[in-house]
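Beneath this line is the structure, given in structure tokens, with notes to follow.
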There are 2 protein chains.
Amino acid sequence: MTEHPAARTMPARTAYHHGDLRAQMIAAVRDLVETHGPDGFSVAEAARRAGVSSAAPYKHFRDRAEILRGVVGEAMDRLRAAMEAGAATYPAGSVEAVAAVGLAYVSFARAEPGVFRLTFGLTEGHGNDADLRAKGEDDFGVVVRCAAACLGLPPDDPHVQACAYMLWSFVHGHSFLTIDNKRSVASTRIDDWTYLMTVSRAILGQANRG
Amino acid sequence: MTEHPAARTMPARTAYHHGDLRAQMIAAVRDLVETHGPDGFSVAEAARRAGVSSAAPYKHFRDRAEILRGVVGEAMDRLRAAMEAGAATYPAGSVEAVAAVGLAYVSFARAEPGVFRLTFGLTEGHGNDADLRAKGEDDFGVVVRCAAACLGLPPDDPHVQACAYMLWSFVHGHSFLTIDNKRSVASTRIDDWTYLMTVSRAILGQANRG
DNA sequence: CCCTAGAAGTAAGAGTTGCTAACTTTACCC
DNA sequence: GGGTAAAGTTAGCAACTCTTACTTCTAGGG
């Protein structure tokens, strides 16, 4: 799916065995993370699934952590795409568009809890990675733009930034509690959409109507 | 600190070498998790730090996961204590008390990001653990009671539950984004206390003044 | 068309880890 | 004191990460 830097230096698709082990490794790891949890994967097992020796991946990744970074980067791309798609289903500037972005976020977490947890949980090694940081800002940018459109303010307005951050932490927390099953602790069964609409309205309205 | 079940079956403090390897293991793992990240610990290294052979821990824990569960359980106890202490610094029923609970939560995450991440991130193996589940409900109970007092409603009121859940997901998300350094993505530098007060007021006020 | 550089793979191995099995040491209780 | 059981030890297996040295395939220039 995503085009990787390696595609530049490589004739793409015409190599020793696969020609595209990097992408296949990422896919395999994504699968493993999803089925066995974020730490329940091994590069050995992923290599096995890709049909190569356990040393082969090290021609494409420096170490285990870099493989994870690859998975996370790809996930962040997909998350952003999902958020943008969500926003696009409602008129720009509407509260619904904001809520839809949140729904896309939560849906992603629910659909791929392992990858989601990995993406936001394993920031030990790759927290300083410039590439991932940029992707993170891109993701946040979607929220910011929606909030800005809704509030009728420029995206760099401090109020917009504050609102976007609030929305993000809300949705992020909700996502985590959902996949951690902590949600059932509260005796209420809240519908995602109405929940997100309520929250979005509360946060955005607060600045608007004041 | 915390009294463990093992203390019952054991003469406590008068054994082979330590008499309390279980607690020392938990402490060692907590340290390792804090310094090397949630997956950057090994039971071998923890045992080494405790001054015992790498097989010794298995007399007290079934496996690696159970050690983690021990650390998480202890952390949840401390988190609850911190939240209760926070609430107690303001008059019962005040919005400040609610915000203080949130501040305790965020402070805990900031002080022990590794343990915090472990507590809420590693729900793969021990998500079904009854003990941890109970502790999680206890933690949530603090929020519920504060919200109930603030709203002047019984704790089992659906509205209280919904508000408490909202508050929790908000604070939870904020905590995670904070320790993930995602916070600096937003160009605003928000003070924790005013942030939490704003949020608490918004969520609780919404039902109150309507 | 060959031949060479280098990318992409393999096999073998060092070192660490999780966990088990079998044994030993210690403390308590009668 | 002797028996019992908890709490520790050593030894060892299988698996994993990552390295080194070797092989194989492909692309591209002369």
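The chains referred to below are lettered A, B, ... by the order of the sequence lines, with proteins before strands, and numbering in each begins at 1.
- Rounded to a whole Å, the NE2 atom of B/H36 is 14 Å from the C1' atom of C/dT16.
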(message) Pair A/R49, A/E45 - check salt bridge (Lys or Arg N to Asp or Glu O under 4.0 Å), show working.
(response) CA-CA 6 Å; A/R49 291 203 178 192; A/E45 172 67 18; 3.4 Å; yes
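- Looking at heavy-atom distances under 4.0 Å, A/A55 makes contact with a base.
- Looking at heavy-atom distances under 4.0 Å, B/S53 makes contact with a base.
- Screening B/V143, B/V144, B/L153 against B/Q161 for a side-chain contact (heavy atoms from CB on, under 4.5 Å) leaves a single residue, B/V144.
- When rounded to the nearest whole Å, the span between OH of A/Y58 and C1' of C/dA14 equals 14 Å.
- Distances from the side chain of B/L21 to the nucleotides C/dG18, D/dT17, D/dG8 place D/dG8 closest.
- Minimum atom distance to the side chain of B/A44 is reached by C/dT17, of the listed C/dG9, C/dC19, C/dT17.
- Under the side-chain contact (heavy atoms from CB on, under 4.5 Å) test applied with B/K135, the options B/D77, B/D129, B/T119, B/L79 reduce to a single match, B/D77.
- Atom CG of A/D63 and atom C1' of D/dC16 are 14 Å apart (whole Å).
- Taking only side-chain atoms of B/S42, from C-beta outward, the nucleotide of D/dG8, C/dT10, C/dG18 with the closest atom is C/dG18.
- Of the candidates D/dC16, D/dC18, C/dT10, D/dC16 carries the atom nearest the A/R48 side chain, counting heavy atoms from C-beta on.
- Per the geometry, CG belonging to A/L68 stands 13 Å off C1' belonging to D/dT17, to the nearest Å.
- One can place CZ of A/R22 at 17 Å from C1' of C/dG9, the figure rounded to the nearest angstrom.
- Here C/dG18 presents its C1' atom at 14 Å from CD of B/E66, a figure rounded to the nearest Å.
- Atoms CD (B/E45) and C1' (C/dT16) sit 11 Å apart, rounded to a whole Å.
- The two residues B/E66 and B/H60 come nearest to each other via the heavy atoms OE2-O, 3.8 Å.
- The CZ atom of A/R62 sits 17 Å away from the P atom of D/dT17 (whole-angstrom rounding).
- Along DNA chain C, the nucleotide nearest to B/K59 and the one nearest to A/A56 differ in position, and the one closer to the 5' end is contacted by A/A56.
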(request) Starting from the C-alpha separation in whole Å, work towards a yes-or-no answer on salt bridge (Lys or Arg N to Asp or Glu O under 4.0 Å) for B/E74 and B/R78. (result) CA-CA 6 Å; B/E74 189 248 20; B/R78 283 174 25 237; 2.7 Å; yes
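- Proximity note for A/R64 (side chain, C-beta onward) versus C/dG9, D/dT17, C/dC19: the nearest is D/dT17.
- Between B/H60 and D/dG8 there is a side-chain polar atom (N or O) within less than 4.0 angstrom of OP1 or OP2.
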